[in-house]
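Just the heavy atoms: all of them, side chains too, but no hydrogens, waters or symmetry mates, feed the values below. Chain naming here is simple, since letters A, B, ... match the order of the sequence lines and numbering starts at 1 in each. Remember, it's a predicted structure, so these values are computed and weren't measured experimentally.
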There are 2 protein chains.
Amino acid sequence: MTQSLPPTDRSLPIALIRAREGVMAPIREMLAETGLTEQQWRVLRVLAEHGQLDAKSLAERASLLLPSLTRIAATLRGKGLITQTQGDADRRRQFIAITSKGQRLIDANAPQAARIAAGFRAALGDADFDTLLDLLARLDPGAP
Amino acid sequence: MTQSLPPTDRSLPIALIRAREGVMAPIREMLAETGLTEQQWRVLRVLAEHGQLDAKSLAERASLLLPSLTRIAATLRGKGLITQTQGDADRRRQFIAITSKGQRLIDANAPQAARIAAGFRAALGDADFDTLLDLLARLDPGAP
DNA sequence: TCGCAACCATTAACATGTTAAGGAATGGCA
DNA sequence: TGCCATTCCTTAACATGTTAATGGTTGCGA
């Protein structure tokens, strides 16, 4: 089977980068007014959705590596948006929870975030949007 | 129209991140042996494909921001894989070209890179793979 | 219980992403 | 010609991505 390198234009990694760029642009625009980065917002959203989590679980659900989460948590703690407490039974664990201030920030921006998300779904159409999520999931090694 | 925030599991940005993670894993594994990062490899590939380019065009084709490219070019120059010359007619421009050493590095790794790319196409199937590239392109603001 | 492997989180070091500011060069226009 | 907005690239500053090493803790088997 002959195998030649595909042209960079049809490369899957580059297509993923560019799609992400397009998707993130309006989201970053929204977040700029809150002073949060995209990753900080993701951490808060996961905490709002799941309640208190240990660092490892939180990192997995937010698709972050632990070293990144360590730094992000320090920042969010400084902003008073999360709390962090050492585990009682297992003192290796760090439990992280959203504060009421953090929750208010989520609540205040959820409507616009939802509008943006709905906008992408509408742009592709329901069927194509779901197809896209399915295909992307098949590339995710953590989801098989 | 009511709009609630989708659960993080069904979020398009997170799906894109995770897919990218899955796609990049084998590529990074290959690149680790060459001492190149994924972005450095992308720059070399674009140069091999298009020949000498000015910095702006190169950044666009490699999906990099100019500040990133400036740093990457400095690194690649240090490794002797590219050359950089100031424009003659327009001295604002910096023209970047791949060296023979850089070309040899591309040639040496192209077969394995092609195998990896073919592997993803085979994993999804030709039809779904092309569908995916089309859907991703529709999210890219720079393409239509 | 002693010793050690495994685990959780952090720190470190380097590279890139992102935004803003700076510096050099060009082109157009009064 | 002289001014000035624009363009191209670089630098700066901060945040994250990535890999490796470190520091505490825990669990378990000899």
Side-chain angles (χ1 to χ4, degrees), chain A residues 13-14 16-18 20-44 53-60 62-79 82 84-96, chain B residues 13-14 16-18 20-44 53-60 62-79 82 84-96:
Chain A
I14 289 188
L16 288 169
I17 292 174
R18 293 193 169 144
R20 189 172 144 59
E21 224 175 282
V23 170
M24 288 319 303
I27 298 180
R28 261 202 294 273
E29 191 177 346
M30 168 192 95
L31 291 177
E33 303 170 13
T34 72
L36 292 180
T37 66
E38 170 210 339
Q39 290 83 352
Q40 292 165 4
W41 169 258
R42 222 157 63 214
V43 166
L44 289 182
L53 286 173
D54 64 278
K56 189 178 187 181
S57 308
L58 175 55
E60 276 171 11
S63 281
L64 295 170
L65 296 177
L66 264 178
S68 295
L69 178 57
T70 295
R71 288 175 302 205
I72 293 170
T75 302
L76 292 177
R77 245 179 298 150
K79 296 185 179 188
I82 63 170
Q84 182 168 348
T85 56
Q86 191 176 41
D88 184 36
D90 186 341
R91 291 187 302 189
R92 288 171 300 187
R93 286 195 155 74
Q94 296 287 328
F95 287 101
I96 299 179
Chain B
I14 290 188
L16 288 169
I17 292 173
R18 293 193 169 143
R20 191 171 143 59
E21 222 175 285
V23 170
M24 289 317 304
I27 297 179
R28 261 202 293 274
E29 191 177 345
M30 166 192 96
L31 290 177
E33 303 169 13
T34 71
L36 291 181
T37 67
E38 170 211 339
Q39 289 84 350
Q40 292 165 4
W41 169 257
R42 223 156 62 214
V43 166
L44 289 183
L53 287 173
D54 63 279
K56 189 177 188 183
S57 309
L58 175 54
E60 276 170 11
S63 280
L64 295 169
L65 296 177
L66 264 178
S68 296
L69 178 58
T70 296
R71 288 176 303 207
I72 293 170
T75 303
L76 292 178
R77 245 179 299 148
K79 296 185 178 187
I82 64 170
Q84 182 170 348
T85 56
Q86 192 176 40
D88 184 36
D90 186 341
R91 290 188 302 190
R92 287 171 302 186
R93 286 196 155 73
Q94 295 288 327
F95 287 101
I96 299 178

Of the listed nucleotides ([options]), which one gets closest to any side-chain atom of [X]?
{"X": "A/Thr70", "options": "D/dC9, C/dT11, D/dA15", "answer": "C/dT11"}
{"X": "B/Asp90", "options": "D/dT18, C/dC8, C/dT26", "answer": "C/dT26"}
{"X": "A/Leu66", "options": "C/dA9, D/dT18, C/dT16", "answer": "C/dA9"}
{"X": "A/Gln40", "options": "D/dA15, C/dA9, D/dT26", "answer": "D/dA15"}

Can you check whether [X] has a side-chain N or O nearer than 4.0 Å to OP1 or OP2 of [N]?
{"X": "B/Arg93", "N": "C/dT26", "answer": "no"}
{"X": "B/Gln86", "N": "D/dT10", "answer": "no"}
{"X": "B/Thr75", "N": "C/dA15", "answer": "no"}
{"X": "A/Arg28", "N": "C/dT18", "answer": "yes"}
{"X": "B/Arg92", "N": "D/dT7", "answer": "no"}
{"X": "B/Ser68", "N": "C/dT16", "answer": "no"}
{"X": "A/Gln84", "N": "C/dA9", "answer": "no"}

To the nearest Å, give me how far apart [atom1] ([X]) and [atom2] ([N]) are.
{"X": "B/Glu60", "N": "D/dC8", "atom1": "CD", "atom2": "C1'", "value": "12 Å"}
{"X": "A/Glu38", "N": "C/dT18", "atom1": "CD", "atom2": "C1'", "value": "11 Å"}
{"X": "B/Arg20", "N": "D/dT16", "atom1": "CZ", "atom2": "P", "value": "17 Å"}
{"X": "B/Ile27", "N": "D/dG17", "atom1": "CD1", "atom2": "P", "value": "18 Å"}
{"X": "B/Leu58", "N": "D/dC8", "atom1": "CG", "atom2": "P", "value": "14 Å"}
{"X": "A/Arg77", "N": "C/dT10", "atom1": "CZ", "atom2": "C1'", "value": "11 Å"}
{"X": "B/Leu31", "N": "D/dT18", "atom1": "CG", "atom2": "P", "value": "13 Å"}
{"X": "B/Ile72", "N": "C/dT16", "atom1": "CD1", "atom2": "P", "value": "4 Å"}

For this session: Tell me, yes or no, whether the heavy-atom count around B/Gln84 atom CD, taken from other residues, nucleotides or ligands under 6.0 Å, exceeds 12.
Result: yes
For this session: Evaluate whether atom CD of A/Glu38 has more than 12 neighbouring non-hydrogen atoms of other residues, nucleotides or ligands under 6.0 angstrom away.
Result: yes
Exercise. Between the main-chain N or O of B/Ala62 and the side-chain N or O of B/Arg42, is there a donor-acceptor pair closer than 3.5 Å?
Worked result: yes
Exercise. Taking the side chain from B/Lys79 and the backbone from B/Leu36, do they hold a donor-acceptor pair closer than 3.5 Å?
Worked result: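 The answer is no, because no donor-acceptor pair under 3.5 Å joins these two groups.
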Exercise. Does any N or O donor sit under 3.5 Å from an N or O acceptor when you compare the side chain of A/Arg71 with the base of D/dG17?
Worked result: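 Donor-acceptor pair under 3.5 Å: yes.
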How is [X] classified with respect to the nucleic acid when contacts are heavy atoms under 4.0 Å: base, sugar-phosphate, or nothing?
{"X": "A/Ala59", "value": "nothing"}
{"X": "A/Leu64", "value": "sugar-phosphate"}
{"X": "B/Ala73", "value": "nothing"}

Exercise. Where each residue is assigned the nucleotide of DNA chain C containing its nearest heavy atom, which of A/Leu69 and B/Gln39 is assigned the position nearer the 5′ end?
Worked result: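 This one resolves to A/Leu69.
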Seminar exercise, completed: Taking for B/Met24 and for B/Phe95 the nucleotide of DNA chain D with the nearest heavy atom, the one nearer the 5' end belongs to B/Phe95
For this session: Starting from the C-alpha separation in whole Å, work towards a yes-or-no answer on side chain to side chain contact (heavy atoms under 4.5 Å, CB included) for B/Thr34 and B/Leu31.
Result: CA-CA 5 Å; B/Thr34 71; B/Leu31 290 177; 4.0 Å; yes
Exercise. In Å, rounded to the nearest 0.5 Å, how long is the span from CD of A/Gln39 to CG of A/Leu69?
Worked result: 11.0 Å
